[in-house]
Number of protein chains: 2
Amino acid sequence: MADAGEAPELDELVEQLRATGARVTSARRLVLRELLASGDEHPTAEELAQRIQRTDPEVHVSTVYRTLESVEQAGLVVRAGLGDGPTTYHLAHDRHHHARCDGCGAVIHLDDRAFATVVRRLERDHGFLAAPRHLTVQGRCRGCRATSG
Amino acid sequence: MADAGEAPELDELVEQLRATGARVTSARRLVLRELLASGDEHPTAEELAQRIQRTDPEVHVSTVYRTLESVEQAGLVVRAGLGDGPTTYHLAHDRHHHARCDGCGAVIHLDDRAFATVVRRLERDHGFLAAPRHLTVQGRCRGCRATSG
DNA sequence: CTTGATGCAAATGGTTTGCATGTTT
DNA sequence: AAACATGCAAACCATTTGCATCAAG
C-alpha cells in the first residue's frame with residue numbers, strides 16, 4: 001500500500017508518469033515541479049497555472065487541468081477538493097487526512113491507520129477495496145469544547 | 001449526540017426551521033416535504049426543484065438553493081459532496097457516510113459506527129470531539145476490482 | 001511520421017446574485 | 001408596515017471541449 005514516505009525527486013515522478021504511457025512535456029514537468037515546491041500547501045489548478053506562468057507564460061490553465069488529470073490517473077496526485085471552493089491537489093506520497101474544528105478551524109493531521117476499521121469493514125461486508133485519499137472529519141477541538149457551547 | 005433516529009414529521013422540521021428565525025413559506029415547506037419523501041436517495045437541488053414543480057410549477061431552482069442554504073444552517077439538512085457531479089442533500093437525522101467506487105460510481109452506505117475508531121482516537125490523542133457529518137471513502141467495488149486493473 | 005499534448009476560445013453546468021415584486025410575521 | 005423570500009434573468013466560476021497546430025516517442 002502506497003504510504004506517506006519521503007518526498008520523491010522530480011525525476012522519479014517524471015519517470016512514473018512516463019511509465020503509464022503518458023508523454024512527458026515541459027508543461028507537465030513544470031506542473032510536477034510546482035506540486036513538489038508546494039509542500040503541504042494544497043494549490044488549486046488556477047494557482048498552479050499562475051505560478052508556472054512565472055517560468056513559462058505560455059502554459060495555459062487548461063493544460064494544467066489536463067495534466068492534473070493525467071498525473072492523477074497515474075496515481076501521482078490526489079484531489080483534495082472538499083468543502084467549498086475549487087478543487088485542490090497534492091502529491092500522492094503525502095497521504096493524510098484531516099480533522100477540522102468547526103469552531104476555530106484548527107486542523108489535526110490523521111494518518112491512514114485511523115481508518116483501518118472502516119477499510120476492514122468495507123472489505124468484509126461488501127468486498128469493497130477502500131483507498132481513502134482525503135477525508136475531513138468535522139468536530140470540535142479541545143479548546144472550543146471548553147470555550148463555547 | 002444527535003443520531004440517526006426515526007424520520008421526523010414535516011411539522012417538526014417546519015417548527016425547527018421557524019425556531020431559527022427563518023420564515024416558513026410554501027416553497028420551503030415543499031422542499032422539506034420532498035426531502036422527507038426522498039428517503040435515502042440523495043437528490044440534487046435540480047432534482048428537488050423538478051419534483052417540487054410537479055406540485056407547484058412556480059417554484060424556481062434558485063429558491064430551492066436558497067432554501068437549502070437556510071435549512072442547512074438550521075442544521076436540518078446535510079450537504080453530501082460525492083466527489084464529482086452536483087452536490088446532493090439529505091435530512092440531518094439520517095446520518096451516514098458513503099463509500100464510492102472510483103470505477104463505476106456505485107455508492108455504499110456506511111453508518112456512523114464504522115468511524116468509531118477514528119472518533120475514539122481523536123478524543124484520546126487530541127481531546128477532539130469528532131462529529132463526522134458526511135465522509136466519502138473512495139475505493140473500488142467488488143465488481144470493478146474483478147473487471148479492471 | 002504517428003500519436004498524443006497544447007493553446008486558445010468558446011461552451012458547459014452548477015450555483016449565486018441583483019432587482020423588482022410578493023408574502024410572512 | 002417592515003423584513004424577508006421569491007421569480008427571473010443574468011452573472012459567475014471552475015472545469016471541459018473542439019480544433020488547428022506542435023512536439024514527443
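Side chains included, hydrogens not; waters and symmetry mates left out as well; all remaining heavy atoms used. Numbered from 1 within each chain, the chains take letters A, B, ... in sequence-line order.
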field: Between P of D:dA14 and CZ of A:Arg79, the distance in whole Å
entry: 15 Å
field: A:Leu91 reachable from A:Tyr89 in the ILVMFWY side-chain graph, under 4.5 Å edges
entry: yes
message: If you take the centroid of each ring, where Trp contributes its six-membered ring, are A:Phe115 and A:His97 closer together than 6.0 Å?
response: yes
side-chain N/O A:Tyr65 vs D:dT16 OP1/OP2, d < 4.0 Å: no
- prompt: Please give, in whole Å, the distance from D:dA14 C1' to A:Leu68 CG?
  reply: 13 Å
message: Without decimals, in angstroms, what is the distance between B:Arg29 CZ and D:dA5 C1'?
response: 14 Å
message: Tell me whether the side-chain N/O atoms of B:Arg23 come closer than 4.0 Å to OP1 or OP2 in D:dT6.
response: no
message: Can you confirm if the aromatic rings of A:His109 and A:His134 lie within a centre distance of less than 6.0 Å?
response: no
task: Give the rounded distance in Å between these two atoms: CZ of B:Arg28 and P of D:dG7.
output: 11 Å
statement: Ordered by number, residues from residues 36-64 of chain A within less than 4.0 Å of DNA chain D (heavy atoms) are A:Ser62
Short side-chain N/O contact to C:dT6 OP1/OP2 from A:Arg66, under 4.0 Å: no
query: Can B:Arg51 and B:Glu41 be counted as an ion pair, charged N to O under 4.0 angstrom?
result: yes
- prompt: So among B:Arg66, B:Arg133, B:Arg79, which one has a salt bridge (Lys or Arg N to Asp or Glu O under 4.0 Å) with B:Glu72?
  reply: B:Arg79
query: Do B:Arg18 and B:Glu15 sit within salt-bridge range, that is, some charged N less than 4.0 Å from a carboxylate O?
result: yes
field: Interatomic distance, B:Glu72 CD vs C:dT15 C1' [rounded to whole Å]
entry: 14 Å
query: For C:dT25, does OP1 or OP2 lie under 4.0 Å from any side-chain N or O of B:Arg18?
result: yes
message: Between B:Glu69 and B:Arg28, does any side-chain N to carboxylate O distance fall below 4.0 Å?
response: no
query: Short question: side chain of A:Glu12, backbone of A:Glu9 - any donor-acceptor pair under 3.5 Å?
result: yes
field: For atom CG of A:Leu30 and atom P of D:dA23, their distance in whole Å
entry: 15 Å
- prompt: How far does the helix from C:dC1-D:dG25 to C:dT25-D:dA1 bend, going by the axes of its first and last five pairs, to the nearest 10°?
  reply: 40°
message: As a test of understanding, state which of A:Val77, A:Leu10, A:Leu13, A:Leu30 forms a side chain to side chain contact (heavy atoms under 4.5 Å, CB included) with A:Leu35.
response: A:Val77
query: D:dT6, C:dA5, D:dA14: which one has an atom nearest the side-chain heavy atoms of A:Pro86?
result: D:dA14
message: Judged by each residue's nearest nucleotide on DNA chain C, which is more toward the 5′ side, B:Thr25 or B:Tyr89?
response: B:Tyr89
